[in-house]
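Note that the structure is a prediction, hence the values are computed from the model and not measured. By convention here, the first residue in the shown sequence is residue 1.
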Amino acid sequence: MEIIAENRCFEGVQGVYRHASDMCGCDMTFGLYLPPQAKVGKVPVLWYLSGLTCTHENAMTKAGAQAYAALHGIAVVFPDTSPRGDGIANDDAYDLGQGAGFYVDATQDPWAPNFKMWSYVTEELPELLGREFSVDLNRQGITGHSMGGHGALTIGLSMPERYLSVSAFAPIANPTGSDWGRKQLGAYLGSDEAVWRDHDASLLLEARGYPGHLLIDQGAGDEFLDLLRPEALADAIAKRRQPATLRMQAGYDHSYWFVSSFMPDHVAFHAEALGA
């Protein structure tokens with residue numbers, strides 16, 4: 001593992017690291033904020049999954065999570081959104097290929113050899129963190145924005161025994177019913193729409209539920225509301241009678257101004273659930 005940068009931040013350390021990923025077949029970069037409490041013992045982990053076109057850096061520099069993570073004593077991990085580099089499949093569109101891994105394990109060519117973001121986030125990167133840093137993998141929560149909100153919800157709902165808290169900012173909530181989803185799920189997973197269901201938060205929630213309380217914030221002024229489909233998620237919450245807070249925030253759009261405005265609530269939500 002290569003240390004790209006380590007900077008003192010709210011008495012903790014904001015690091016950026018690169019490592020060779022067996023899962024993705026290329027070098028992967030991630031950010032990790034360790035709060036000051038990590039100097040004396042292992043701390044809980046909050047995963048932040050980013051959206052379309054983002055790298056590890058967007059949320060790390062714009063979401064404002066570090067101050068609240070330091071306050072509550074929780075580490076925050078910022079993975080990249082896809083494999084990258086020469087020889088990695090790509091597409092001219094911004095919403096497919098590099099920067100748009102959609103947090104699935106691709107089964108279709110040309111994506112299958114490298115686009116294994118589900119397994120990278122849930123298997124390879126946690127193993128690396130547990131080996132190299134003072135983090136407690138028995139206390140993990142997950143959140144994310146947009147495509148990353150989709151990833152956080154689908155991963156968290158699929159593995160409730162691992163992710164003890166789940167939240168999302170403006171998630172792609174019903175990708176099987178949206179142009180932000182049908183295109184990507186078809187490309188990465190093939191034409192069998194039954195396979196897509198495990199990667200649709202609204203369908204997963206209605207079918208399985210979640211043993212804890214969910215927190216979702218959505219800007220009511222979001223320019224992508226028709227693609228995100230929060231109404232499908234609200235319907236699933238009602239049908240499942242799922243304990244959840246879904247807040248439509250008046251006047252907020254899809255940007256990191258929105259994310260940073262409600263980041264304190266989300267970090268506190270995860271910290272309480274993880275015993276931080």
Side-chain angles (χ1 to χ4, degrees), residues 1-6 13-34 38 42-52 54-60 74-90 97-145 147-166 184 188-189 198-199 270 274:
M1 188 181 69
E2 176 187 357
I3 300 173
I4 297 175
E6 288 184 332
V13 176
Q14 177 60 64
V16 178
Y17 308 93
R18 181 184 295 120
H19 71 109
S21 168
D22 293 333
M23 196 69 67
C24 296
C26 64
D27 286 349
M28 295 291 288
T29 301
F30 66 94
L32 172 66
Y33 178 71
L34 285 175
K42 292 188 175 182
V43 294
V45 181
L46 175 60
W47 293 82
Y48 184 99
L49 306 185
S50 293
L52 287 168
C54 291
T55 69
H56 68 282
E57 190 174 16
N58 297 73
M60 189 181 79
I74 190 169
V76 186
V77 191
F78 305 96
D80 203 347
T81 55
S82 78
R84 298 178 190 272
D86 295 338
I88 305 296
N90 202 8
Q98 296 186 33
F102 243 73
Y103 303 102
V104 301
D105 283 351
T107 59
Q108 306 299 303
D109 290 332
W111 315 106
N114 304 104
F115 280 70
K116 304 293 184 184
M117 290 304 296
W118 179 285
S119 293
Y120 176 71
V121 167
T122 63
E123 297 177 23
E124 187 174 27
L125 190 50
E127 192 277 332
L128 174 65
L129 295 180
R131 186 174 69 243
E132 299 287 345
F133 300 98
S134 184
V135 296
D136 183 357
L137 295 181
N138 291 317
R139 294 186 290 164
Q140 296 186 66
I142 192 166
T143 189
H145 172 231
M147 179 185 73
H150 143 79
L153 290 175
T154 54
I155 289 173
L157 294 174
S158 297
M159 301 181 181
E161 71 288 347
R162 180 184 301 184
Y163 300 98
L164 307 182
S165 54
V166 179
Q184 293 83 358
Y188 293 140
L189 301 177
D198 286 343
H199 297 282
H270 289 280
L274 300 177

Would you give me the side-chain donor-acceptor pairs under 3.5 Å for residues 43-51, sequence neighbours excluded?
from	atom 1	to	atom 2	distance (Å)
Trp47	NE1	Gln140	OE1	2.8
Tyr48	OH	Tyr256	OH	3.3

Under 3.5 Å donor-acceptor, Tyr188 side chain and Gly97 backbone: yes
Pairs of donor and acceptor atoms involving the side chains of residues 155-162, under 3.5 Å and at least two apart or interchain, shall be tabulated with distances.
from	atom 1	to	atom 2	distance (Å)
Ser158	OG	Thr154	O	2.7
Arg162	NH1	Thr122	O	2.3

Among residues at least two apart in sequence or on other chains, which ones pass side-chain hydrogen bond (donor to acceptor under 3.5 Å, both in side chains) with [X]?
X	answer
Asp136	Arg139
Glu127	Arg131
His145	none
Asn138	none

Arg84 and Cys26, any side-chain heavy atoms less than 4.5 Å apart: no
Heavy-atom side-chain contact between His19 and Glu2 under 4.5 Å: no
All pairs passing side-chain hydrogen bond (donor to acceptor under 3.5 Å, both in side chains) where residues 97-114 contributes a residue, at least two apart: Asp105-Ser119
Residue pair [X] / [Y]: nearest heavy atoms and the distance that separates them:
X	Y	value
Thr81	Cys54	OG1-O, 2.6 Å
Ser165	His270	OG-ND1, 2.7 Å
Asp80	Met28	CB-CE, 4.3 Å
Cys24	Pro83	CB-CB, 4.1 Å
Ser82	Met117	CA-SD, 3.6 Å

Evaluation steps, side-chain hydrogen bond (donor to acceptor under 3.5 Å, both in side chains), between His56 and Thr29: CA-CA 7 Å; His56 68 282; Thr29 301; 5.3 Å; no
side-chain contact (heavy atoms from CB on, under 4.5 Å) against Leu52, all qualifying residues, sequence neighbours excluded: Tyr94, Asp95, Ala100, Phe102, Met147, Trp180
Salt bridge (charged side-chain N to carboxylate O under 4.0 Å, His left out) partners of Asp27, counting only residues at least two apart: none
Value rounded to 0.5 Å, distance of CE in Met1 from CD in Glu132: 4.5 Å
Gap separating the CG atom of Leu32 from the CD atom of Gln14, nearest 0.5 angstrom: 7.0 Å
ring-ring contact (aromatic ring centres under 6.0 Å, His included) partners for His199, two or more places apart: Trp118
Tyr17: ring-ring contact (aromatic ring centres under 6.0 Å, His included) partners, not counting sequence neighbours: Phe30, Phe133
Intermediate values then yes/no, side chain to side chain contact (heavy atoms under 4.5 Å, CB included), Asn58 and Phe78: CA-CA 9 Å; Asn58 297 73; Phe78 305 96; over 6 Å; no
